[in-house]
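Read through the structure below, which is laid out as structure tokens, and then see the notes.
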Amino acid sequence: MVTIHISGVHYHVSDKARSYIEEKLGSLNRFHKGLSSVQVTIHHDEKRDSYRVDVDMHLPTGKDVVAHDTESNLFAAIDIVADKAAAQLRKIHGKEQARVAV
């Protein structure tokens, strides 16, 4: 299980949102075994009534992986950013495996 740090900018993160984030992002380390912690930041833009979710992942190789998305629904933004983060980790893992195989 990966350690997830959740914070909000101009937004109080509810327990429901916190548990949803942990459910969606908690298993990201299955895509890259070196992943141990994830920083999630939620920004609420009141003017546009939208939510931006940023996910920062730091790999032991020194590589930083960032995924973000903006949606009018917080849970939709979490879903999309979780898919983006997983895709990036799969891509990095594939490249690292190809490098080892050569």
Using a 4.5 Å cut-off on heavy atoms from C-beta on, say whether the side chain of Asp64 contacts that of Asp56. no

State the CD1-NE2 distance between Ile42 and His12, to the nearest 0.5 angstrom. 10.5 Å

Look up atom CG in Leu28 and atom OG in Ser37, then write down how far apart they are to the nearest 0.5 Å. 11.5 Å

Examine Lys91 relative to Phe31 and say whether NZ or CZ is less than 6.0 Å from the centre of the six-membered ring and inside a 45° cone about the ring axis. no

Heavy-atom neighbours of His5 NE2 exceed 12 at 6.0 Å: yes

So do the side chains of Ile80 and Glu71 get within less than 4.5 Å of each other, counting heavy atoms only? yes

In Å, rounded to the nearest 0.5 Å, how long is the span from CD1 of Ile6 to OH of Tyr20? 13.0 Å

What I'd like to find out is whether the side chain of Arg52 reaches to under 4.5 Å of the side chain of Asp54, using heavy atoms alone. yes

Return the CG to OG distance between Asp49 and Ser72, rounded to the nearest 0.5 Å. 7.0 Å

Run the side chain to side chain contact (heavy atoms under 4.5 Å, CB included) test on Val40 and Ile4 for me, step by step, so that the C-alpha distance in whole Å, both residues' side-chain angles and the decisive distance to 0.1 Å come before the verdict. CA-CA 7 Å; Val40 179; Ile4 302 173; 4.0 Å; yes

Before you tell me yes or no, could you show the steps for Val55 and Met57 under side chain to side chain contact (heavy atoms under 4.5 Å, CB included), namely the whole-Å CA-CA distance, both residues' side-chain angles and the distance that decides it to 0.1 Å? CA-CA 7 Å; Val55 176; Met57 300 166 282; 4.0 Å; yes

Shortest non-hydrogen contact from Val53 to Ala77? CG2-CB, 3.8 Å

To the nearest 0.5 Å, what is the distance between OG1 on Thr3 and CD on Glu22? 10.0 Å

Would the distance check show the side chain of His32 and the main-chain N or O of Gly34 forming a donor-acceptor pair, the cut-off being under 3.5 Å? yes

Output the distance between atom CG (Leu89) and atom CG (Leu59), rounded to the nearest 0.5 Å. 6.5 Å

So Glu96 and Thr61, do their side chains get closer than 4.5 Å, heavy atoms only? yes

Beyond-backbone contact of Asn73 with Tyr51, side-chain heavy atoms, under 4.5 angstrom: no

Contact between Val2 and Leu25 at the side-chain level, heavy atoms closer than 4.5 Å - yes or no? no

Going by atom type alone, with no hydrogens or angles, which donor-acceptor pairs under 3.5 Å involve a side-chain atom of residues 81-88 and a protein atom two or more places apart or on another chain?
residue, atom, partner, partner atom, Å
Lys84, NZ, His68, O, 3.1
Gln88, NE2, Val66, O, 3.1

Closest non-hydrogen atom pair between Ser7 and Val13, with its separation: C-CG2, 4.0 Å

Charged N-O contact under 4.0 Å between Lys24 and Asp79: yes

Quick one, Arg90 and Ile92 - any side-chain contact, counting heavy atoms below 4.5 Å? no

Contact check, side chains of His58 and Val38, non-hydrogen atoms, under 4.5 Å: no

